[in-house]
Amino acid sequence: MRTPFVAGNWKMNKTVAEARDLVSVMGKELNKIENIDIVLCPPFISILAIANLLQDTKIGVGAQNIHWEEKGAFTGEVSPSMVKEFCNYVIIGHSERRSYFGETNETVNKKVHAAIKNGLTPIVCIGETLEENKAGRTSEVVSSQTLEGLKGIDAATAAGIVVAYEPVWAIGTGLAATADDAQNVHKNIVRKSLTDLFGEDAAQKIRILYGGSVNAANAADYFTREDIDGALVGGASLKTEDFVAIAKAASK
Ligand code: PEP
């Protein structure tokens with residue numbers, strides 16, 4: 001049995017003051033929900049404030065990115081050991097990082113290893129673009145992102161990581177994948193690739209989230225599918241009512 005998992009990716013939204021206001025309301029509601037892991041991923045600058053507000057709750061805090069090096073001349077970057085002072089999780093390889101900041105399966109793999117080495121649970125994002133989807137390349141793209149992004153991890157460690165399947169065409173567009181289509185990718189492409197990499201036992205333990213225009217109205221449908229273990233939520237994670245509804249639906 002995999003514990004449901006819901007993460008909110010705030011992207012580049014909310015000042016520190018706004019983030020505090022949001023979490024002081026949302027945090028209380030989220031903390032009442034049982035049988036689920038919930039993680040908020042604010043921008044770096046708000047992490048300390050949010051971690052303080054959530055310190056006596058069950059809610060985890062995640063970063064949206066890390067560098068793979070521990071320290072040094074990497075202006076503007078943040079290292080895993082800096083993040084781990086306040087976070088237990090880190091999103092790695094989000095499609096916006098892949099498309100705007102040149103991240104590749106190779107850099108994703110370096111970051112995943114750096115996260116694990118520092119005791120951070122990576123939430124590793126994979127997903128095909130609209131062009132790739134239309135060209136019938138979903139299986140090829142998503143399996144190679146999984147195999148290359150997660151290579152070199154031992155099976156016992158891999159069992160604890162989180163993978164998020166986020167078709168790029170569904171992110172922030174309102175064009176969510178159907179629950180049936182997402183289940184098909186989760187089972188036949190993602191979990192199959194995880195089985196090839198880590199064996200059946202570990203692959204069955206890895207939580208695979210769906211991400212892409214999940215909202216309060218469509219969330220419950222995803223969670224009825226066997227291989228959809230939760231959601232990575234962008235826009236709707238900035239609204240208390242919506243994110244709480246999504247987390248409640250996942251916890252059932
Ligand atoms: C995301 O940023 O990971 C995401 C899924 O965004 P949205 O929910 O807004 O589509």
Side-chain angles (χ1 to χ4, degrees), residues 4-14 18-19 22 26 30 36-44 46-47 50 60-66 87 89-101 103 108 111-112 115 120-130 132-133 138 141-142 145-146 149 161-179 181-183 185-186 190 207-223 225 227-250:
F5 190 107
V6 168
N9 172 17
W10 289 10
K11 312 192 188 200
M12 196 174 72
N13 289 295
K14 304 287 175 195
E18 290 166 346
L22 179 61
M26 183 190 276
L30 292 174
I36 186 169
D37 292 330
I38 302 174
V39 178
L40 297 179
C41 303
F44 282 126
S46 293
I47 283 176
I50 298 312
V61 181
Q64 298 173 16
N65 181 33
I66 46 168
C87 297
Y89 298 88
V90 57
I91 297 172
I92 293 179
H94 190 279
S95 70
E96 286 148 20
R97 299 230 39 102
R98 292 181 191 253
S99 59
Y100 304 140
F101 302 103
E103 296 204 11
V108 167
K111 291 180 180 201
V112 168
L120 291 162
T121 298
I123 302 169
V124 184
C125 300
I126 53 179
E128 82 286 1
T129 63
L130 183 60
E132 290 161 345
N133 182 286
T138 299
V141 170
V142 171
Q145 286 174 335
T146 309
I161 68 172
V162 178
V163 175
Y165 168 60
E166 301 205 300
V168 180
W169 46 269
I171 298 177
T173 59
L175 297 171
T178 66
D181 285 348
Q183 162 63 19
V185 173
H186 283 218
V190 184
R207 275 137 350 143
I208 307 174
L209 317 181
Y210 167 73
S213 297
V214 174
N215 58 42
N218 67 14
D221 196 21
Y222 292 106
F223 307 139
R225 303 307 197 271
D227 290 275
I228 303 181
D229 304 313
L232 179 53
V233 184
S237 72
L238 294 163
K239 295 174 212 137
T240 296
E241 206 182 317
D242 294 18
F243 193 55
V244 169
I246 293 167
K248 278 186 181 163

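When a ligand or atom number is given, it counts from 1 through the structure's own listing order.
At least one N/O-N/O distance between His94 and ligand 1 falls below 3.5 Å. Inclusion of Ser213 in the set of residues having an N or O under 3.5 Å from an N or O of ligand 1 is warranted. Considering backbone and side-chain atoms alike, Gly235 places an N or O below 3.5 Å from some N or O of ligand 1.
Looking only at side-chain heavy atoms (C-beta outward), Phe223 and Ile246 come within less than 4.5 Å of each other. Side-chain atoms of Gln64 and Pro43, non-hydrogen and from C-beta on, do get closer than 4.5 Å to each other. No side-chain heavy atom of Thr146 sits under 4.5 Å from any side-chain heavy atom of Val163. Side-chain atoms of Phe5 and Asp229, non-hydrogen and from C-beta on, never get closer than 4.5 Å to each other.
For the side-chain hydrogen bond (donor to acceptor under 3.5 Å, both in side chains) with Asp227, the qualifying choice from Gln183, His186, Arg207 is Gln183, the only one to do so. Among Asn65, Ile171, Val108, the one residue that satisfies the side-chain contact (heavy atoms from CB on, under 4.5 Å) test with His94 is Ile171.
Within the listing of ligand 1, atoms 5 (C), 10 (O) sit less than 4.0 angstrom from a heavy atom of Gly212. Of all atoms in ligand 1, numbered sequentially from 1 with element shown, those under 4.0 Å from a heavy atom of Asn9 are 1 (C), 2 (O), 3 (O). Every atom of ligand 1 with a heavy atom of Ala170 under 4.0 Å away is listed here by number and element: 10 (O).
Counting heavy atoms only, Gly172 comes closest to atom 10 (O) of ligand 1 of the residues Gly234, Ser237, Ala231, Gly172.
Remark: minimum distance from atom 3 (O) of ligand 1 to any protein heavy atom is reached at Glu166 OE2, 2.7 Å.
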